[in-house]
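First the structure, which I've put down as structure tokens, then a few questions once you've had a look.
Please read all numbers here as calculations on a predicted model, not as lab measurements.
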Amino acid sequence: MRAFAEQVGRLTDRVDIVLNNGAGWLEGFDLDAATDDEITATIASGGTGTVLMAKHFLPLLRGSERPDIVNMISMAASRRSDPCGGNPAFYAAKGAQANFAEILSQRLRPEGVRVISLYPPDFRNVDPLGPEWETTDRRAGADLTAQSLIDCILFAVSQPRDCFIRSFDFEPPSNASKE
């Protein structure tokens with residue numbers, strides 16, 4: 001993360017938005033379904049990855065007039081979450097992201113850096129360059145789409161700087177069987 005932020009810093013003196021979608025999925029309902037290394041990697045991808053991303057991009061965000069950190073967390077970090085097939089380590093990773101985003105939002109608000117978190121259930125993630133992007137069902141009752149998530153992000157970051165939208169909590173589909 002440090003090397004990536006340094007490379008970006010060589011190209012520009014500021015970044016307006018950092019979008020964090022970290023945390024690897026880990027299959028297996030039971031904790032013992034994963035190896036110690038898989039559990040460590042999953043939690044590190046969400047927890048450590050999110051913290052290091054914020055730490056190393058914060059200097060570039062502070063150079064912006066409209067700095068926003070957007071975290072794609074997951075309903076798995078919500079107390080409203082229905083159990084999904086994911087390993088408990090995935091829940092731990094998403095919980096780390098959620099708690100970090102919460103405290104970061106409070107501490108960076110005086111500087112004007114907004115921290116926005118999305119808590120979606122499982123959603124349809126279609127290719128934005130493919131034809132399905134414009135034709136995917138977005139009516140009530142349909143699965144949430146990546147396009148709808150992007151619309152929420154664009155809405156939040158386009159608000160005036162006195163508007164701090166901390167989170168978007170989504171309802172799971174009524175037929176949800178996993179996150």
**Prompt:** Below 4.5 Å, heavy atoms only, C-beta onward: do Gln147 and Pro128 meet side chain to side chain?
**Reply:**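 The answer is no, as the side chains (C-beta and beyond) never meet within the 4.5 Å cut-off.
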
**Request:** Please write out which residues are connected to Leu11 in a hydrophobic cluster, directly or through intermediates, given that two of Ile, Leu, Val, Met, Phe, Trp, Tyr count as joined at side-chain heavy-atom separations below 4.5 angstrom.
**Result:**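 The other cluster members (ILVMFWY side chains, heavy atoms under 4.5 Å, direct or chained): none.
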
**Item:** Heavy-atom closest pair, residues Arg161 and Glu65
**Value:**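 Heavy-atom minimum between the residues: NE-O, 4.1 Å.
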
**Message:** Measuring only between side-chain heavy atoms, which start at C-beta, is Phe90 closer than 4.5 Å to Ser74?
**Reply:**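 SC-SC contact between Phe90 and Ser74 confirmed.
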
**Request:** Decide yes or no for Leu108 and Arg62: does some side-chain heavy atom of the first lie under 4.5 Å from some side-chain heavy atom of the second?
**Result:**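 A side-chain contact exists here, since the closest heavy-atom pair is under 4.5 Å.
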
**Request:** Taking the side chain as every heavy atom from C-beta outward, state whether Val115 and Asn71 have any atom pair closer than 4.5 Å.
**Result:**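 They are in contact (side-chain heavy atoms under 4.5 Å apart), so the answer is yes.
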
**Message:** Taking CG in Asp127 as the centre, count heavy atoms belonging to other residues, nucleotides or ligands within less than 6.0 Å. Is the count above 12?
**Reply:**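 Yes, because the 6.0 Å sphere around CG of Asp127 holds more than 12 heavy atoms from other groups.
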
**Prompt:** Are any of the side-chain heavy atoms of Leu31 and Ile39 separated by less than 4.5 Å?
**Reply:**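 They are in contact (side-chain heavy atoms under 4.5 Å apart), so the answer is yes.
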
Pairs of donor and acceptor atoms involving the side chains of residues 46-60, under 3.5 Å and at least two apart or interchain, shall be tabulated with distances.
from  : atom 1 : to    : atom 2 : distance (Å)
Thr50 : OG1    : Asn20 : ND2    : 2.9
Thr50 : OG1    : Gly46 : O      : 2.5
Thr50 : OG1    : Gln97 : NE2    : 3.1

**Request:** Consider only side-chain heavy atoms of I, L, V, M, F, W and Y, link residues closer than 4.5 Å, and tell whether Val70 and Phe4 are in one cluster.
**Result:**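 Shared cluster, no.
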
**Asked** Is there a chain of hydrophobic side chains (I, L, V, M, F, W, Y, each step under 4.5 Å between heavy atoms) that links Leu61 to Phe100?
**Response**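 Linked within one cluster.
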
**Asked** Is Trp133 isolated, or which residues cluster with it under the ILVMFWY side-chain rule of less than 4.5 Å, directly or via members?
**Response**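 So far as hydrophobic clustering goes, Trp133 is joined with Val126, Ile150, Leu154.
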
**Prompt:** Can you name the salt bridge (Lys or Arg N to Asp or Glu O under 4.0 Å) partners of Arg109, sequence neighbours left out?
**Reply:**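 Expected list: none.
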
**Prompt:** Are any of the side-chain heavy atoms of Ile17 and Ile153 separated by less than 4.5 Å?
**Reply:**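 Of all side-chain heavy-atom pairs linking Ile153 with Ile17, none is under 4.5 Å.
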
**Prompt:** Is any side-chain heavy atom of Ile116 less than 4.5 Å from a side-chain heavy atom of Phe168?
**Reply:**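 Heavy-atom side-chain distance check passes, below 4.5 Å.
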
**Between CG on residue Asp122 and CH2 on residue Trp25, distance to nearest 0.5 Å** =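 That separation rounds to 7.5 Å.
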
**Prompt:** Would Cys152 and Phe170 satisfy side chain to side chain contact (heavy atoms under 4.5 Å, CB included), going step by step from the backbone distance to the final call?
**Reply:** CA-CA 11 Å; Cys152 288; Phe170 297 86; 3.9 Å; yes

**Message:** Return the CG to OG1 distance between Asp151 and Thr145, rounded to the nearest 0.5 Å.
**Reply:**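 Rounded to the nearest 0.5 Å, the CG-OG1 separation comes to 7.5 Å.
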
**Asked** Is the CZ atom of Arg66 crowded by more than 12 outside heavy atoms at less than 6.0 Å?
**Response**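 Yes, CZ of Arg66 has more than 12 neighbouring heavy atoms, counting only those of other groups under 6.0 Å.
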
**Request:** Specify the closest pair of heavy atoms between Gly95 and Ala77, including all atoms of both residues, with the distance to one decimal.
**Result:**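 Heavy-atom minimum between the residues: N-CB, 4.0 Å.
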
**Item:** Least distance between heavy atoms, Val15 atom then Val18 atom
**Value:**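 For Val15 versus Val18, the nearest heavy atoms are CG1-CG2, 3.9 Å.
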
**Whether Asp137 side chain and Arg139 backbone form a donor-acceptor pair below 3.5 Å** =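 A pair under 3.5 Å: yes.
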
**Prompt:** Does Arg114 pair with Asp162 as a salt bridge, N-O distance under 4.0 Å?
**Reply:**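 Result for this pair is no, no salt bridge flagged.
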
**Request:** Answer with yes or no whether the hydrophobic clustering places Tyr91 together with Leu26; edges join I, L, V, M, F, W, Y residues whose side-chain heavy atoms lie under 4.5 Å apart.
**Result:**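 Per the 4.5 Å side-chain linkage, Tyr91 and Leu26 are not co-clustered.
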
**Prompt:** What pair of heavy atoms forms the shortest contact from Ser45 to Gly24, and how long is it?
**Reply:**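 Shortest heavy-atom separation between Ser45 and Gly24 comes out as OG-N, 2.8 Å.
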
**Message:** Minimum heavy-atom separation for Ser167 and Tyr119, please, with both atom names.
**Reply:**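 Distance-wise, the nearest heavy atoms are CB-CE1, 3.8 Å.
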
**Asked** What do you reckon, is CZ of Arg107 surrounded by more than 12 foreign heavy atoms closer than 6.0 Å?
**Response**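 12 or below, so no.
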
**Item:** Ile165 and Gln159, any side-chain heavy atoms less than 4.5 Å apart
**Value:**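 With C-beta onward as the side chain, the pair touches.
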
**Asked** Residues in side chain to side chain donor-acceptor pair (under 3.5 Å) with Glu132, at least two apart?
**Response**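 Result, side chain to side chain donor-acceptor pair (under 3.5 Å) vs Glu132: Arg124.
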
**Message:** Run the side chain to side chain contact (heavy atoms under 4.5 Å, CB included) test on Thr42 and Asn87 for me, step by step, so that the C-alpha distance in whole Å, both residues' side-chain angles and the decisive distance to 0.1 Å come before the verdict.
**Reply:** CA-CA 9 Å; Thr42 299; Asn87 191 281; over 6 Å; no

**Message:** Please list all pairs meeting ring-ring contact (aromatic ring centres under 6.0 Å, His included) that have one or both residues in residues 135-165, counting only residues at least two apart or in different chains.
**Reply:**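 Residue pairs passing ring-ring contact (aromatic ring centres under 6.0 Å, His included), neighbours aside: none found.
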
**Request:** Write down the atom of Met72, the atom of Lys94, and the distance for their closest heavy-atom approach.
**Result:**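 Nearest heavy atoms, Met72 then Lys94: O-NZ, 3.3 Å.
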
